[in-house]
Amino acid sequence: MGGYDFASLQTKWQAIWEERQPFTVSDAGDKRPRKYVMDMFSYPSGDLHMGHAEAFAFGDVVARYWWQQGFQVLHPVGWDSFGLPAENAAIKRGTDPREWTYSNIDQQRAAMKAYGVSVDWTREIHTSDPEYYKWNQWLFLKMYEKGLAYRKDSWVNWDPVDQTVLANEQVLADGTSDRSGAVVVKKKLTQWYFKITDYADRLLDDLNQLEGRWPSKVLAMQRNWIGRSTGADVDFVVEGRSEKITVFTTRPDTLFGVTFMVVAPESDLAAELVAGQDDAQIRAVFQDFLTEVQKSSEIERMTADRPKNGVFLGRYAKNPITGERIPVWAADYVLPDYGHGAVMAVPAHDQRDLDFALKYDLPVRVVVDVNAPVTGVIPALELDENGLAILPDDLEPSNPAETGEALTGEGRLLNSGVFTGLSKSTGIKKIIEALETSGDGRAAKTYRLRDWLISRQRFWGTPIPIIHGADGTEVPVPYDQLPVELPSTEGLDLKPKGQSPLGAATDWVSVKDPRDGSDALRDPDTMDTFVDSSWYYLRYLNPNDPDKAFDPKEADKWAPVDQYVGGVEHAILHLLYARFITKVLFDLGYVGFTEPFSALLNQGMVLSGGAKMSKSKGGVNLSDELALHGVDAIRLTMAFAGPPEDDINWEDVSPAGAAKFLARAYRLAKDVTSAPDAVWSEGDQNLRRVTHRFLSESPGLVEAFKFNVVVARLMELVNAIRKVVDSGAGAADPAVREATETVALALSLFSPFVASEMWEMLGYDSDVATYGWRKADPTLLVETSITAIIQVNGKVRDRIEVSPKIASDELEKLARASEAVIRAVGDKEIVNVIVRAPRVVNIAVR
RNA sequence: GCCCCCGUAGCCCAAUCGGCAGAGGCAGGCGACUUAAAAUCGCUUCAGUCAGGGUUCGAGUCCCUGCGGGGGCACCA
């Protein structure tokens, strides 16, 4: 590798930055406008890996860009330092998780500093510090007071490897744990929840505000996850039972087609219905069925298109609108925790209901004519004595009972009493109105989103600040007794046993009831670490404040975060939780905004051989690449590889090429012979034009995250300077200095070490990073002539050099006079001439 | 099954508003320097934009259909 000694440059500049702290934000008396740029903080695994390196490289481009643009930029880092890897490591070594965690942090901090990220190191936070997690507890208590934190007994996701419960968001689509990879099982347990479902509408609707500033993919994922459906709740009276069964449906227009009802077998409702039923045979059959259902694993349950099984419960319900008597079944295709755990079955128009009806020989009744025109005049239909329509033969739709295909399309209602003939959407509206009038139903929404299960049965997390009194009352720990600190691990067995290890820390868990001093027990569970990360962006604003979680005045000044950078793996989990907690803090009056992250950039992954790069898998890894090519070249490689949100195949990019380019840039700084006070305007005008075009275009490109294009333009500029130095005006030309200084300033966004060195070589002792972007001189951006293209029928036939200010009619005259055009037109008739001065003329001929 | 994103040279990728398909890099080729090689420097080959249809004076760009790739949700009523 020729060029320069990147290793000694890295050492030199790291020491200088350590001393100067150029990125520490004091704010006081600083009149510059503010920007808050934040990278997703890291779990302290000890090493910097490719994923971190890429995210920090991109985040740093943005942070350094705003510094150059004259802002004071808050760009903090912290550590997501609670969690299972530390705890598991501690179990393996018989040590305290604190040791592993804090030594990893030291190691990783050093790696990050060596990576040259523009960070305000005075604001570093660790979520495992009592000074931090105290405020998780404070947040919990605030939410508890508002009824947003509560405990309930429910079927939960249980990770049998990590021996703890998981939130829905932590279970992958294949039914395995996102952390341990174990197949998650269902357990019925009493757990703590945050009531995120209260915020479902706001979490969904506020996504519209983020449109265009968050990746559309993330917005789509969040919308899917929240999964709002609109429709109606309909109440069905059950014979011999005082309470009705309420079902949720998105198709109230098909109410006349209901031929049976289905409830989830494991729901309380099913048990009640069977209990109220005299036939012992039916009760026994149901019990067997329920046992069978509970045996099937979550994975089987989640596979679509499984055969549907069910049993008749021996009970009948009444259709509220037709008065018809319909049987009530229990079946495994109805889920206990969605909607009301019960459905009205319309087999003609729902594939699942149809599959079930055909299997158990239940009636199928068509109530929507999907062949009927959806728009236009509704044909007048004759009704029979039952109020049902008599249909002309050609309107007869296909019969689902014969085809096995449910009719789910748009159409017009059939056999639906006074509603017959209505379109789907009008039918939905009118039938809901009728239900509301009769009191048998109402418009309703339901969500896929579930409340956030936050308790965990592990040690290394934030203790839940609740005391359980002897009488079973939940007593919040008084605020002045926070934090509830984790005990020492001395004599404590952290091995997962399905119950929190804290429960066995006798001295810790036994407390006096704050109400009356009687014996009581602390809640032994700890919080999901996603609680820590749901508000950490606020803690950076006053990381050492002992009196409050964050300062609302600081939040007004800095928050929300202007630019958040991180991996798409948090598209739902962390980002949804942080949005939720921000809205809660807004409602509590602590912040004046409802979305935490105004803009989001998701970097792609770095792949090698089609797999994520990591040390354990062998092959290419970050530390080798850094040693081989230097920090600057690696960072530049990532910026140049393509759009930041795309994955990078390491085989497709060239760190050696990046290093070569940096060496070319560096050599220019060496070549410049003019003094720092050289008068640029006396320099080579063509080079100046290139420089100023670069100065003018780059900011927009950075703001659009087109880092790869900026680097390409920078390469262009370097090539242009080289040409002037070697075979033009020469190294002494003032324009060469101007252009080379521009290279150093722009390069500082991507490759700060070599940029700083170049800056020094060029005679400056200031920090290149905060020196300031130079404004383009508009007079150098004006083009003196422009190439107009002349087309005939859209095909380019001639090019002419014209003034950019040429008038349309003059350009047309020139175009018509062109010999190439005259030849192309020949004896054809000119039917139209489009002139877009000064760029294009198109002559349409026939 | 529903929804979202992407298909441009051998490869990674550019192409503001619909207006000359190529900025930059990798790989390749030729040349200069060198005893030779590396490094460096200069020059250079390479696609008509996945396919089909439509809108338009004009489509890589907008619309429809299909194919291919990636992702999210899913017995969700």
Side-chain angles (χ1 to χ4, degrees), chain A residues 1-3 173 215-229 231 247-251 254 261-262 264 301-308 331-335 337-346 349-353 355-356 408 446-448 568 571-572 604 636-637 640-643 645-658 660-661 663-664 667 697 700-701 704 706 708-719 722-723 726-727 787-799 830-836 839-845:
Chain A
M1 284 301 133
S216 58
K217 183 179 170 182
V218 174
L219 297 176
M221 285 166 75
Q222 293 225 352
R223 288 187 178 114
N224 274 344
W225 187 261
I226 296 166
R228 179 164 68 194
S229 309
V247 303
F248 173 77
T249 178
T250 55
R251 293 294 304 274
T254 61
M261 290 185 79
V262 187
R301 189 77 190 262
M302 281 193 295
T303 324
D305 301 327
R306 282 188 326 129
K308 295 163 180 55
D332 56 3
Y333 76 96
V334 173
L335 306 176
D337 55 358
Y338 184 79
H340 304 284
V343 302
M344 57 177 226
V346 187
H349 304 291
D350 182 288
Q351 192 61 47
R352 293 154 303 177
D353 294 341
D355 294 345
F356 190 76
T408 54
T446 192
Y447 305 86
R448 222 190 64 87
V568 73
I572 297 170
L636 189 72
T637 300
F640 185 55
E645 56 275 9
D646 287 4
D647 289 347
I648 300 171
N649 287 309
W650 206 245
E651 290 77 20
D652 291 338
V653 296
S654 173
K660 194 166 97 179
F661 166 72
R664 270 166 76 81
R667 262 199 319 279
E697 285 178 2
L701 292 169
K706 296 185 175 187
N708 54 328
V709 183
V710 180
V711 175
R713 297 275 182 274
L714 201 46
M715 289 172 168
E716 217 177 342
L717 180 58
V718 165
N719 290 344
R722 186 82 256 160
K723 201 166 250 174
D726 286 351
S727 48
T787 310
I789 57 158
I790 316 299
Q791 302 173 330
V792 176
N793 278 352
K795 288 208 177 68
V796 180
R797 294 300 183 188
D798 200 4
R799 305 180 163 89
I830 294 176
V831 289
N832 197 3
V833 181
I834 283 90
V835 186
R836 294 279 178 275
R839 247 171 238 291
V840 65
V841 177
N842 190 8
I843 299 171
V845 299

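Here is the naming used below: chain letters follow the sequence lines, and residue numbers restart at 1 for every chain.
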Given [options], the nucleotide with the shortest approach to the side chain of [X]:
X         : options                : result
Thr250(A) : A77(B), A14(B), G24(B) : A77(B)
Tyr333(A) : C75(B), C73(B), G42(B) : C75(B)
Arg713(A) : A77(B), C12(B), A23(B) : A23(B)
Ala220(A) : C4(B), G24(B), A77(B)  : C4(B)

My understanding is that a pair needs two contacts under 3.5 Å, Watson-Crick or G-U wobble. By that rule, which nucleotide pairs with [N]?
N      : result
G42(B) : C30(B)
G68(B) : C6(B)
C20(B) : none
U61(B) : none

Please determine if a side-chain N or O atom of [X] lies less than 4.0 Å away from the OP1 or OP2 oxygen of [N].
X         : N      : answer
Asn708(A) : A14(B) : yes
Lys706(A) : C13(B) : no
Lys723(A) : G42(B) : no

Distance between the [atom1] atoms of [N] and [M], in whole angstroms?
N      : M      : atom1 : result
G28(B) : C46(B) : C1'   : 10 Å
G10(B) : A27(B) : C1'   : 8 Å
C63(B) : G18(B) : C1'   : 13 Å
A51(B) : G69(B) : C1'   : 15 Å
C12(B) : G52(B) : C1'   : 29 Å

Distance check needed: [N] [atom2] versus [X] [atom1], whole Å only.
X         : N      : atom1 : atom2 : result
Arg223(A) : A74(B) : CZ    : P     : 17 Å
Phe661(A) : U40(B) : CZ    : P     : 14 Å
Asp726(A) : U40(B) : CG    : C1'   : 10 Å
Asp652(A) : G25(B) : CG    : C1'   : 12 Å

Over all strands shown, is [X] touching base, sugar-phosphate only, or nothing at heavy-atom distances under 4.0 angstrom?
X         : value
Asp353(A) : nothing
Pro643(A) : sugar-phosphate
Thr446(A) : nothing

Base C76(B) to side chain Arg448(A), donor-acceptor N/O within 3.5 Å cut-off: no
Give me, pair by pair, the N or O atoms of the protein and of nucleotides 6-10 of chain B that are less than 3.5 Å apart, along with how far apart they are.
none

Polar atoms only, N or O, under 3.5 Å: list the protein pairs with nucleotides 53-57 of chain B and their distances.
from, atom 1, to, atom 2, distance (Å)
C57(B), O2', Asn842(A), ND2, 3.0
C57(B), O2, Asn842(A), ND2, 2.4

Test side-chain contact (heavy atoms from CB on, under 4.5 Å) applied to Arg352(A) - qualifying residues, sequence neighbours left out: Lys308(A), Tyr333(A), Asp350(A)
